[in-house]
*Asks:* 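Dropping a structure here in C-alpha cells format, bear with me for questions.
In what follows, chains carry the letters A, B, and so on, assigned in the order in which the sequence lines appear, proteins first and then strands, with residues in each chain numbered from 1.
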Amino acid sequence: MTGDRHMALQATGVAIWEYDPTNGKLWWPETDAGLLGASRIPETLAGMIELIEPDDRPRVERAFLAASEGGELEVEFRVLAGGRLRWLLSKGRLVTNGIGEPLLIGLVLDITTRKEAEQAIRESEGHKTAILSSIPDAVVISDPAGRVVSLNPVMVKLSGWTEKEIVGQPFDFYPMFDSKDMPIERDQRPIARALTAGKPVATRGYEQTMRSRDGVSIPVSVTAAPVFDDDGDLLGGVEVLRDVSYEREEDQIKSSLVSTVSHELRTPLTMIQGFSELVLTRPLSPDKSQEALRHISTSAQRLARLVEDLLTVSRIESGRTDPRLRPVPLEEVMTEIVGEFEDRRTVELDVEPGLGPVLADRDMLVQILTNLVSNAVKYSPPDAPISLRGASRGDHAEISVTDRGMGMSANERDHLFERFFRADRDEVRRAGGTGLGLYITKHLVELQRGQIWVETELGQGSTFSFSLPLAPTDETERAS
Amino acid sequence: MRKLLIADDQEAIRSLVRMTLESDDYEILEASDGDRALELARAESPELMFLDVMMPGRSGFNVCRTLKSDPQTAAIKIVLLTARAQDADLEEGRAAGADEYLTKPFSPVSLLQLAEEFLEG
C-alpha cells in the first residue's frame, strides 16, 4: 500500500474491506475508524453492525449474509459519526482467494451529501404534491407537447379518470363544450392556447362545460398558463378548472328574476298607462274617472311594493339588515294587523292570555305578519276566514296564520321559502307575485332568532307558523 | 250593436278594455278564462275578440287555434294580448291564426283604432 493511495482513500471518504464469511472477521487494510464514527476499527462483522443505527442493522446483516452465499452486496445504512448521522454505502462482491476459499471484498463510502440532496428534493416534491392536493379546484399539468404529467385529486374526482390512466395522454382526455354545446377543438382549448401564446388564458362566463367519464356535463370556468423555468424555457402547461354549477344556477336565477320582474311590471304599467291615457283623452263621467284613478293608484302601489321587496332582498343578501331587538307586545301588534285587513277579510285573533312580549324588531314583526296574512288572503276564497294565533312554547312564542285556501303539494312546500319560487299552477300565476315574499319573511324571522315552517296539504289550506324568543322578564333578568 | 269579446283573467285589464271600447255601438262580453272565452265565442259569435295569452285553463293560443280551425267561428277576428313580446310568441300567435297582436302595456287609443279597423274591414 502506498501512502498516496491511503491519502486518496481518506480524502474521498472511501474505505476498503475484506470479509471472511467463514469466521466473520473483517479486515480493513488502510482505514482509520473515523469513517464509521468509532474509536477503533471493528474487527468483525458483528462489531461493525454494532456501530450502525439500530433500525438499519437487520438490513445490513441480511445483505452481508446474502452476498456471502454468492452475488453482489449493495447496502445503505446510517452511522452516528462526530455527533451527526451519516449515510454510508457499502458495495462488495464474493471472490475466491488464492487458496480457493470464499472472500467478500468491498468498500464503504460516505454518501451523506447525496442522501441529503435527495431528501431535500423529496421534501420539495412532497410539498408541491401536498399543495396540488389541497387546491380545491381541479388541476391538470402537461408537458410542452400537451401530454398530461399529473392531475390533482379534485380533477380525478371531477373527470372520473385516475391519474394512472391519464398520465401521458393528451390534455384533452376529457371533452369540453362551448356555450352552444359544440365540442371545443383541441387547439382552441385553454391549455393549448396558453402553450401557443405563451401567456395565461381564461374562459369567460359559466357557459362552458366539461364532460366527465360518466357523461355528466359540468359547467366549468377554466384558466390555463404556460410554465417556464428560470431560463425562460417552456416546461409545460397548467390548467385549473373550477366547477361553477352554483354560480351558473345563481346566474340563471338572476335571468329568471329579470323575466319575472318585467312580467310583474307589465300589468301595473298597462293599467297606469292605459287608464291615464283614457282620463287624458276621453270625456269620462266622474264615476268612470274615479274608477280609472283607483286603478292607477292601486297599480302604483303594486309597483312600489315590488320595488320595496327587491330592495329588501338586496339588503338581506348583502347582510345590511340589522334587527333592533326590543321587547315587543305581541298581542298589540297582532291586533293592529287584524285591523289593517279588516276591510278585506275577517281575521280571527286568538292569543293565549298573559302571553308576554317577544324580543323582536317591531317593524320586521309587522312585515312578517303582513306578508303571511296577505298571502292567506291572496290564496284563499273571499269568504274563507283566516285565523291568527299566538301561544307560548317554553322560552318562545309561536305565532301562526291559518287559511282555508288552496294549500300546497309536498314538492311546492319544499321550495316555498326559496327566492323567486312560484308554484307552477294557474291559480298561483293568476294571483301574481314575484316569489320574494316568503323568502323575505323567512329571513326576517331568522334575523330575529326565530324559525318558520308550514303545514299544508293541496286543497286543504295552509298554516304558516313562526317562533320568536320571549323577552326575558324582570325576574329572569335578575336571575341571570 | 256589434259584439266584442274580451278574455283576460285580470279584472283590471278587462275593465281597461271595457272602458276604452264602451260606446253605444258595441256590446262588450267578458270572459276570465280560456274555457269561458271559447264557450262565449261559440254562443255569441262576436265580431272581434281581445284574447289574453296567459290565462288559467285553456291558453289564449289554444282558444285562438280552436276558433280559427272551426268554420263556424273562423271569421271572428282575434287580437292576442300578452305580456311576453318574444319572437317565439309572435310566431306561435301567427301559427294559431291570430289576426293581430298587442303587447302589454298597450295604449287604449291604439286598441280602439285596431277595433275600428277590424270592424270596418
*Asks:* Partners of A:Leu280 by side chain to side chain contact (heavy atoms under 4.5 Å, CB included), sequence neighbours excluded?
*Replies:*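 In terms of side chain to side chain contact (heavy atoms under 4.5 Å, CB included), with neighbours along the sequence ignored, A:Leu280 is linked to no residue.
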
*Asks:* For the CD atom of A:Glu277 and the CZ atom of B:Phe106, what is their distance to the nearest 0.5 Å?
*Replies:*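 These two atoms lie 10.0 Å from each other.
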
*Asks:* Considering only heavy atoms from C-beta outward, does the side chain of B:Leu112 approach that of A:Arg282 to under 4.5 Å?
*Replies:*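 Sidechains of A:Arg282 and B:Leu112: in contact.
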
*Asks:* Any idea which heavy atoms bring A:Gln273 and B:Pro105 closest together, and the distance?
*Replies:*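 Closest approach of A:Gln273 to B:Pro105, heavy atoms only: OE1-CB, 3.6 Å.
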
*Asks:* For the atom pair OG1 (B:Thr20) and CG (A:Leu278), what is the distance rounded to the nearest 0.5 Å?
*Replies:*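 Answer for the OG1-CG pair, B:Thr20 versus A:Leu278, is 4.0 Å.
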
*Asks:* Applying side chain to side chain contact (heavy atoms under 4.5 Å, CB included) between B:Lys104 and each of A:Leu269, A:Leu265, A:Thr270, report the one that passes.
*Replies:*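 Answer to the side chain to side chain contact (heavy atoms under 4.5 Å, CB included) test with B:Lys104 among A:Leu269, A:Leu265, A:Thr270: A:Thr270.
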
*Asks:* For atom CE of B:Met1, decide whether the heavy atoms of other residues, nucleotides or ligands shown that lie under 6.0 angstrom number more than 12.
*Replies:*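 Yes, because the 6.0 Å sphere around CE of B:Met1 holds more than 12 heavy atoms from other groups.
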
*Asks:* Specify the closest pair of heavy atoms between B:Met19 and A:Lys288, including all atoms of both residues, with the distance to one decimal.
*Replies:*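 For B:Met19 versus A:Lys288, the nearest heavy atoms are CE-O, 3.8 Å.
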
*Asks:* Which heavy atom in A:Gly274 sits nearest to a heavy atom in B:Pro108, and how many Å separate them?
*Replies:*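 Closest approach of A:Gly274 to B:Pro108, heavy atoms only: O-CG, 3.1 Å.
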
*Asks:* Can you confirm whether A:Glu340 is buried at CD, in the sense that more than 12 heavy atoms of other residues, nucleotides or ligands lie under 6.0 Å from that atom?
*Replies:*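 12 or below, so no.
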
*Asks:* Does any non-hydrogen side-chain atom of B:Gln10 lie less than 4.5 Å from one of A:Thr267?
*Replies:*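 Yes, close enough: below the 4.5 Å cut-off.
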
*Asks:* When rounded to the nearest 0.5 angstrom, what distance separates CE in A:Met271 from CG in B:Leu16?
*Replies:*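 Answer rounded to 0.5 Å: 6.0 Å.
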
*Asks:* Return the minimal non-hydrogen interatomic distance between B:Ser15 and A:Phe275, and the atom names on each side.
*Replies:*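 Answer, listing the atom of B:Ser15 first, then A:Phe275: OG-CZ, 3.3 Å.
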
